[in-house]
Amino acid sequence: MAHPTAANVEEELQAQVLVWNHIFQFISSMSLKSAVELGIPDVLHHNEGHPISLSRLASLISITPNRTDYLRRLMRMLVFTGCFANVSKEGEEEEYVLTPVSRLLVKGKDTGISPFLFFQMDPVMQSPWQSLGKWFHSDEPTPFAKAHGVEIFEMGRRSESLNRMINQAMACDSRLMAKALVEHHRDAFVGVKSLIDVGGGTGSLAAMIAMTFPSIKCVVLDLPHVVTDVPKGGVVEFVGGNMFEHVPPADAVLLKVREPNIVYHNLDGCKSHVI
Ligand SMILES: C[S@@+](CC[C@H](N)C(=O)[O-])C[C@H]1O[C@@H](n2cnc3c(N)ncnc32)[C@H](O)[C@@H]1O
């Protein structure tokens, strides 16, 4: 049997490091979720840009002293991944401030995306990943259906709390994108008098367009259980329906989906373009 050379051993050790990196990547997202649950971005935000020391942070989020060292470890992980910054001097107690990443996770801000984080980290969304391998050998259309027996939007129809979680997650994701769309792609709306946002959820993207371009009549088409509880009488009109059966005609169709080709064939009534 050939003896392993130093080069082989080094290569294997490097490979093991990479495997461990892959195995433990979930720690990064789960740590971020914990930090947002604990309200760490909110506490740092309310200190108006001034750093907060580890011990003060522990007290502000009501952590018992015997957990402070674990909080330090959590923060070290999140500083390493760019979610917070440690601005203390060498040898002094850690002091933290927000970064552009954690600024997005402050609750109650217009552009906050913590609902999207909680949705993606929820066991409902995590469990399909557990059966991804088995899904390849199954007849189920998606890993979600393999894990839950139904597709996500059907499950949302059956569960009010999941429906709310999906809608809030989609809406906060869209608010940020809406700002970029109306600020940097104004050309796309020139000459448009009516627009339909297909699968537009609770209308955050359409509302931003309607407020920026008041001459455009904006309509959202989404599943009936999604649009039922949306407050009516605002700048956007809501239609409950199935995009695979009928899409009301409009000058422009807005699609924020991963697979637009599957819905193009239902858009015959549209005079103009797909944004
Ligand atoms: C990924 S979400 C995007 C939501 C919204 N466009 C946004 O960005 O906030 C997909 C949306 O499509 C809706 N949807 C799914 N199937 C649909 C169908 N057959 N007809 C109409 N809407 C549908 C869902 O309810 C959901 O609101």
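Keep in mind that the numbers below use all heavy atoms, side chains included, and drop hydrogens, waters and symmetry copies. Since this is a predicted model, take the numbers as computed values, not measurements. Just so you know, ligand 1 is whichever comes first in the structure, and atom 1 is the first atom listed for that ligand.
In this structure, Val226 counts as a contact residue of ligand 1, since one of its heavy atoms falls inside 4.0 Å of the ligand. At least one heavy atom of Gly241 sits less than 4.0 Å from an atom of ligand 1.
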Inset, instruction - Could you walk me through whether Gln14 and Glu10 pass side-chain hydrogen bond (donor to acceptor under 3.5 Å, both in side chains), step by step? - result: CA-CA 6 Å; Gln14 285 303 324; Glu10 178 60 23; 3.2 Å; yes
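Of the candidates His225, Met243, His246, it is Met243 that places a heavy atom closest to atom 20 (N) of ligand 1. Of the candidates Gly240, Gly199, Gly201, the one placing a heavy atom closest to atom 6 (N) of ligand 1 is Gly199.
The local environment of CE in Met177 is sparse, with at most 12 non-hydrogen atoms from other residues, nucleotides or ligands closer than 6.0 Å.
Taking every non-hydrogen atom of Asn242 and a distance limit under 4.0 Å, the qualifying atoms of ligand 1 come out as 18 (C), 19 (N), 20 (N). Near Phe244, meaning under 4.0 Å from one of its heavy atoms, ligand 1 places the atoms 19 (N).
Residues Lys193 and Asp251 are not paired through a salt bridge, judged by the lack of any N-O separation under 4.0 Å between the basic side chain and the carboxylate. The pair Asp173-Lys256 counts as a salt bridge, with a side-chain nitrogen and a carboxylate oxygen less than 4.0 angstrom apart.
Inclusion of Lys256 in the set of residues having an N or O under 3.5 Å from an N or O of ligand 1 is warranted. Between Asp197 and ligand 1, not a single N/O pair is under 3.5 Å apart.
Proximity of Asp222 to ligand 1, defined as any heavy-atom pair under 4.0 Å, is shared by backbone and side chain alike.
The only option from Glu94, Arg72, Glu93 that meets the side-chain hydrogen bond (donor to acceptor under 3.5 Å, both in side chains) definition with Ser55 turns out to be Glu93.
Minimum interatomic distance between Tyr96 and Leu57 (heavy atoms only, all atoms of both residues): CD1-CD2, 4.0 Å.
Residues Phe213 and Phe189 place their aromatic rings such that the two centres sit under 6.0 Å apart.
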